[in-house]
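Shown next, in structure tokens, is the structure this report addresses.
FYI, side chains are in, hydrogens and waters are out, and symmetry mates aren't considered; it's all heavy atoms of this structure. Order of the sequence lines sets the chain letters (A, B, ...), proteins ahead of strands, with each chain counted from 1.
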Amino acid sequence: DQQVKQNSPSLSVQEGRISILNCDYTNSMFDYFLWYKKYPAEGPTFLISISSIKDKNEDGRFTVFLNKSAKHLSLHIVPSQPGDSAVYFCAARRGYGGSQGNLIFGKGTKLSVKP
Amino acid sequence: NAGVTQTPKFRVLKTGQSMTLLCAQDMNHEYMYWYRQDPGMGLRLIHYSVGEGTTAKGEVPDGYNVSRLKKQNFLLGLESAAPSQTSVYFCASKFRQATTGELFFGEGSRLTVL
């Protein structure tokens, strides 16, 4: 049973426009949510995170929004650039230590930003 | 700093052969992980370790064994490889005290089992 769901396998956006990547989750015990970015033939790299006690976190062009009542988070990229073309993974954890701290990943969304 | 280094980067095996993937990190992280990535499946946790000498099963542990004899190294073994183990394997590590739980990943090891 998938606890972290990314229902859009792919997304195509024009350069300069906004990219919105969505993620849904089922476990209300998740306390932190993270977004990772992955280029082909490279390992995933951390992008941005948000605590479950917040509803927004911003870092430059990247903003993550959390709607706990809907169990939904989204990553906004504004403005989108061709270098943002990558696979984006949403991840969540249930707590701090041991197995609770293990990240559970969604299946990823492939973002293509066209010049 | 090298961060997280995986060897080998590529390997082709025949069914039934054995091999070991090595992960080394130079960040003094306590926790280490092995994930596999398959098309349309995201990243799935195979095994993890919360410290030297300790290991635990993740989501998809069958067919794999691991060892953490030194804090900086985490080995993933396949005793008898099967075509279903064709995948890209990622090692990751993190500080035990990491507030957000951020993982640092290696570049991946692509394994093909014929």
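- Within the 4.5 Å cutoff, side-chain heavy atoms of A/Tyr36 are placed close to those of B/Leu103.
- The parts of A/Pro44 that come within reach of chain B are both its backbone and its side chain, each placing non-hydrogen atoms under 4.5 angstrom from that chain.
- In this structure, NZ on A/Lys107 lies 9.0 Å from CZ on B/Arg44, to the nearest 0.5 angstrom.
- Under a 4.5 Å side-chain heavy-atom cut-off, the cluster of Ile, Leu, Val, Met, Phe, Trp and Tyr residues that includes B/Leu114 is completed by B/Val12.
- Looking at B/Leu45, the atoms closer than 4.5 Å to chain A (heavy atoms on both sides) all sit in the side chain, from C-beta outward.
- Other residues, nucleotides and ligands place more than 12 heavy atoms under 6.0 Å from the CZ atom of A/Arg61.
- Each of A/Phe30 and B/Tyr48 belongs to its own hydrophobic cluster when Ile, Leu, Val, Met, Phe, Trp and Tyr are linked at side-chain heavy-atom distances under 4.5 angstrom.
- The aromatic ring centres of B/Phe105 and A/Phe46 sit 6.0 Å or more apart.
- A/Phe33 does not touch chain B: none of its heavy atoms, backbone or side chain, sits under 4.5 Å away.
- In this structure, A/Val113 is not a member of the same hydrophobic cluster as A/Val87, with clusters built from ILVMFWY side-chain heavy atoms closer than 4.5 Å.
- In the displayed structure, B/Lys9 atom NZ is contacted under 6.0 Å by more than 12 heavy atoms of other residues, nucleotides or ligands.
- In this structure, CD in B/Glu59 is found 10.5 Å from CG in A/Asn102, a value given to the nearest 0.5 Å.
- With a 4.5 Å cut-off on non-hydrogen atoms, A/Ala91 does not touch chain B at all.
- One hydrophobic cluster, built from ILVMFWY side chains closer than 4.5 Å, holds both B/Met19 and B/Val113.
- Residues B/Gln37 and A/Phe89 come closest through the heavy atom pair NE2-CZ, 3.4 Å.
- We find the CG-CG distance between B/Leu43 and A/Leu103 to be 9.5 Å, quoted to the nearest 0.5 Å.
- Residue A/Lys5 places its NZ atom among 12 or fewer non-hydrogen atoms of other residues, nucleotides or ligands, all under 6.0 Å distant.
- What you find for B/Phe90 and A/Lys38 is that their closest heavy atoms are CZ-CE, 3.3 Å.
- By the rule that hydrophobic residues join a cluster once side-chain heavy atoms approach within less than 4.5 Å of another member, A/Phe65 and A/Tyr88 end up as members of separate clusters.
- Taking CG of A/Leu47 as the reference point, atom CD of B/Glu102 lies at 10.5 Å (rounded to 0.5 Å).
- In this structure, B/Tyr35 has its ring center closer than 6.0 angstrom to the ring center of A/Phe105.
- A/Val78 is connected to A/Ile20 through a chain of hydrophobic side-chain contacts under 4.5 Å among Ile, Leu, Val, Met, Phe, Trp and Tyr, so both are in one cluster.
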